[in-house]
Amino acid sequence: MFITATLVNYLMLCHRKVWLHANGILMEHTSDLVSEGKLIGQESYPQRAERWTEIEVSAESSSGVRLAAKIDFFDPNAGIVHEVKKSDAKEAAHVAQVQFYLYVLRLNQIKAEYGWIEYPKLRSIEKVTLTEEDQQSVERKIRQVSEIINQEDCPEKLPISKCKSCSFFEFCWVGEE
Ligand code: SF4
């Protein structure tokens, strides 16, 4: 299977979430949230559809893992990835996701200078670069995701206090609170 930015994002949050997603256990509203995030992006920046493009790329990592990335807003001339987050908090997982995009683009010899993560609710943006060191970190994350999704057993749950906003909350905790 392909390792995606979603899985790399989840890796930063919960290994169990990575495994569940990769094994086809998708909570219905997960896709709604993705659509909502995209909608917020379109509504917050209505001009972007004219200037930037959606792009899908795949590649193979240095360790032979198959990768796929679908980037909603990419500026091919400047080589800039734009990611919009509906979240009202900045997260390391968002940075990891955009670095994954930059990594996959570069593997395809596509100009990928840096990314911007835009937080309309915070009225804030964050620049994301991909240094040589970051690239090694992305490769480590890809290997880690690959190991998790190939393990037979579902990883242990996190403490419930860390689960409140997770789309898998009901799956993991129904009847256990
Ligand atoms: S509910 Fe908690 S344990 Fe379950 S996948 Fe989400 S973060 Fe992980």
Side-chain angles (χ1 to χ4, degrees), residues 1-42 44 56-59 61 63-73 81-104 115-122 124-126 128 130 134-177:
M1 88 174 269
F2 287 93
I3 304 283
T4 63
T6 300
L7 289 169
V8 172
N9 179 313
Y10 287 176
L11 177 76
M12 309 292 288
L13 305 173
C14 172
H15 290 187
R16 182 180 174 93
K17 191 168 179 168
V18 172
W19 191 94
L20 290 172
H21 186 81
N23 281 278
I25 301 164
L26 306 177
M27 303 310 285
E28 209 175 312
H29 49 289
T30 308
S31 55
D32 292 346
L33 285 174
V34 171
S35 302
E36 190 187 342
K38 193 172 176 183
L39 189 63
I40 285 178
Q42 285 163 346
S44 305
E56 289 186 51
V57 280
S58 59
S61 75
S63 51
V65 178
R66 292 191 301 162
L67 314 172
K70 181 173 175 295
I71 304 165
D72 291 333
F73 304 110
V81 170
H82 295 263
E83 176 69 18
V84 181
K85 290 297 181 192
K86 68 182 221 39
S87 162
D88 53 12
K90 295 183 180 183
E91 292 175 22
H94 302 160
V95 174
Q97 181 181 343
V98 173
Q99 286 181 329
F100 177 85
Y101 289 149
L102 295 170
Y103 177 70
V104 178
W116 286 115
I117 306 176
E118 302 166 19
Y119 296 91
K121 286 186 182 171
L122 296 174
S124 172
I125 60 173
E126 180 163 341
V128 178
L130 185 73
D134 294 328
Q135 187 169 310
Q136 288 168 14
S137 169
V138 172
E139 287 167 356
R140 275 196 301 277
K141 289 185 180 77
I142 289 166
R143 284 196 297 274
Q144 225 179 329
V145 168
S146 183
E147 283 166 20
I148 292 169
I149 65 180
N150 285 314
Q151 71 186 50
E152 205 160 304
D153 298 324
C154 183
E156 290 296 317
K157 288 182 269 195
L158 293 181
I160 194 168
S161 60
K162 294 185 184 291
C163 299
K164 298 292 183 187
S165 60
C166 179
S167 55
F168 288 95
F169 184 86
E170 286 178 27
F171 180 90
C172 290
W173 292 105
V174 69
E176 292 197 34
E177 273 193 281

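Here, residue 1 is the first one in the sequence, and each next residue gets the next number. Counting starts at 1 for both ligands and their atoms, in listed order. Computed from a predicted structure; not experimentally measured.
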Exercise for the section: Go through the steps to decide whether Tyr103 and Gln99 satisfy the test side-chain hydrogen bond (donor to acceptor under 3.5 Å, both in side chains), and finish with yes or no. Expected result: CA-CA 6 Å; Tyr103 177 70; Gln99 286 181 329; over 6 Å; no

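Remark: Lys17 is not positioned above the aromatic ring of Phe168, lacking an NZ or CZ atom under 6.0 angstrom from the ring centre and at most 45 degrees off the axis.
Distances shorter than 2.8 Å separate atom 2 (Fe) of ligand 1 from the protein N/O/S atoms Cys163 SG.
Contact check for Glu126 versus Lys85: no side-chain heavy atoms found under the 4.5 Å cut-off. No side-chain heavy atom of Gln144 sits under 4.5 Å from any side-chain heavy atom of Val18. For the pair Phe100 and Leu67, the minimum side-chain heavy-atom distance is below 4.5 Å. Put simply, the side chain of Asn9 reaches to within 4.5 Å of the side chain of His94, judged on heavy atoms.
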